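Input: a single structure, listed below in structure tokens.
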Protein chains: 2
Amino acid sequence: MVRQEAQREQSASMEDYLEAIAMLGEGKKVVKVKQISEMLRVKMPSVTSALKKLSEQELVEHERYGHIKLTPQGDRVARDVICRHEALTRFFAQALGIDRETAEEDACKIEHVISPPSMERLVKFVEFLEACPLGGANFPSRYEYYLEHGELPQRCSKRGVGKGK
Amino acid sequence: MVRQEAQREQSASMEDYLEAIAMLGEGKKVVKVKQISEMLRVKMPSVTSALKKLSEQELVEHERYGHIKLTPQGDRVARDVICRHEALTRFFAQALGIDRETAEEDACKIEHVISPPSMERLVKFVEFLEACPLGGANFPSRYEYYLEHGELPQRCSKRGVGKGK
DNA sequence: CAAAATTGTTAGACACGTCTAACAATTATA
DNA sequence: TATAATTGTTAGACGTGTCTAACAATTTTG
């Protein structure tokens, strides 16, 4: 019995389709080609052709004029992308203070290219900022001060902590 | 006098070519097709065709079998990409603690897709971490602790700062 | 300096993902 | 329910960027 070779990675486009289908299908809602096309801002024929491709890879179930549904495999991939998307959005919006819309846009692009180790660290980093009192509470405020004035709140240092550069 | 319409953005590929040419040309060294092809891991004909395209846009000077050089415009674009690249590398390597190689790889991808506002904030963020005693010195160590134990150094609050594993 | 090795170019195929135009199925509605 | 409106599909063009194969120029070296 020959084990199936590991799925080759999906392209950014295909990941977008999977992601869109997963989001539109939340709560087992019926997913339509039109919706996908609007969400991804592509024309319907592009969706049809993507669905064909994804069906061949068994990531999506789709029959002519019929239902659209992720297979368990497809769902796994989609969840993964969504997870990266959310973590990145949190990073840009919460940690960096970027406006939500831009944060989402950047997340949409970066989610397709970031490496697993960086993604993992980024997630931990966001968790850290959220969990750490100095990180979560003081950190952002000092950061904001820095953003505004280009320097730290004076006497921020209690003595050149660590080694000066 | 009609102002030239803003240059449409370059594709990730074209940005890579400009970046490679700039790096290989540092210190006015002569740039060769072969080098570019090796640096970007593409075959030489791909380079030739990219050079043709970039020449038409006046971002590169190139004559058949001859010299390869960025125009001032091309240099501007290249510097820009390199700047993003470096900031991203610093972020991943120094702030997140990712190994240099992975950090570079991620920077290479992300530099082409990140938005200007996010880029700007990210740069400031890295500067902040480097400048702020609590950020630069203690922050990383507490972060490391968190990475290892999944929770903050107990009583991280105000006295617990500065310790470390 | 002439042959050999290397580097660079041209031509053309191909994969990918998009689009428009034309047509088909489905759904809404008068 | 017949017709109109909407949604979905097919066919095929196109742009981008890659590649291989064949050939041309340049450079090295015996």
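Below, chains carry the letters A, B, ... as their sequence lines are ordered, and counting in each starts from 1. Keep in mind that what you see is a predicted model, and the values were worked out from it rather than measured. Computed from heavy atoms alone, side chains included, the values below leave out hydrogens, waters and symmetry copies.
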Quick check: do B:Leu59 and B:Gln10 have side-chain heavy atoms less than 4.5 Å from each other? yes
How many Å lie between CG on A:Leu51 and C1' on C:dG17, as a whole number? 14 Å
On the 0 to 90° scale, with breaks at 30° and 60°, tag the B:Phe125-A:Phe125 ring pair as parallel, tilted or perpendicular. perpendicular
Provide a list of protein-nucleic acid N or O atom pairs under 3.5 angstrom, restricted to nucleotides 10-15 of chain D.
unit_1: D:dT10; atom_1: OP1; unit_2: A:Arg64; atom_2: NE; d: 3.2

Whole angstrom is fine here: how far is it from CD in B:Gln35 over to C1' in C:dT7? 11 Å
How many Å lie between CD on B:Glu56 and C1' on D:dT16, as a whole number? 14 Å
Using whole Å, report how far CG of A:Asp16 lies from P of C:dC16. 17 Å
Can you tell me the distance, in whole Å, between the CD1 atom of A:Ile68 and the C1' atom of C:dT26? 14 Å
Candidate nucleotides C:dC19, D:dG8, D:dG17, ranked by approach to the side chain of A:Val42 - the nearest: C:dC19
Are A:Glu86 and A:Arg90 within salt-bridge range, i.e. N to O under 4.0 Å? no
Can you check the B:Leu54 CG to D:dT16 C1' distance for me, whole Å? 13 Å
Nearest non-hydrogen partners of B:Val31 and B:Ile21, listed with the distance: CG2-O, 3.9 Å
Side-chain N or O of A:His67 closer than 4.0 Å to phosphate OP1/OP2 of C:dT26: no
Could you give the CD-to-P distance, from B:Glu15 to D:dT16, as a whole number of Å? 15 Å
Please tell me which of A:Tyr17 and B:Glu63 maps to the more 5' nucleotide of DNA chain C, matching each residue to the nucleotide holding its nearest heavy atom. B:Glu63
Taking for each residue the nucleotide of DNA chain C bearing the nearest heavy atom, is the 5' side occupied by A:Tyr65 or by A:Arg41? A:Arg41
For residues A:Val30 and A:Gln35, report the shortest heavy-atom separation together with the two atoms involved. O-OE1, 3.5 Å
Look at B:Arg79 together with B:Glu26 and state whether they make a salt bridge at an N to O cut-off of under 4.0 Å. yes
Return the 5'-most residue of the pair B:Ser46, B:Lys32 with respect to DNA chain D, ranking by each residue's nearest nucleotide. B:Ser46
With A:Ile36, which of A:Asp16, A:Leu24, A:Val42 fulfils side-chain contact (heavy atoms from CB on, under 4.5 Å)? A:Leu24
Below the 4.0 Å mark, does D:dG17 have OP1 or OP2 next to a side-chain nitrogen or oxygen of B:Lys53? yes
To the nearest Å, give me how far apart NZ (A:Lys43) and P (C:dA21) are. 11 Å
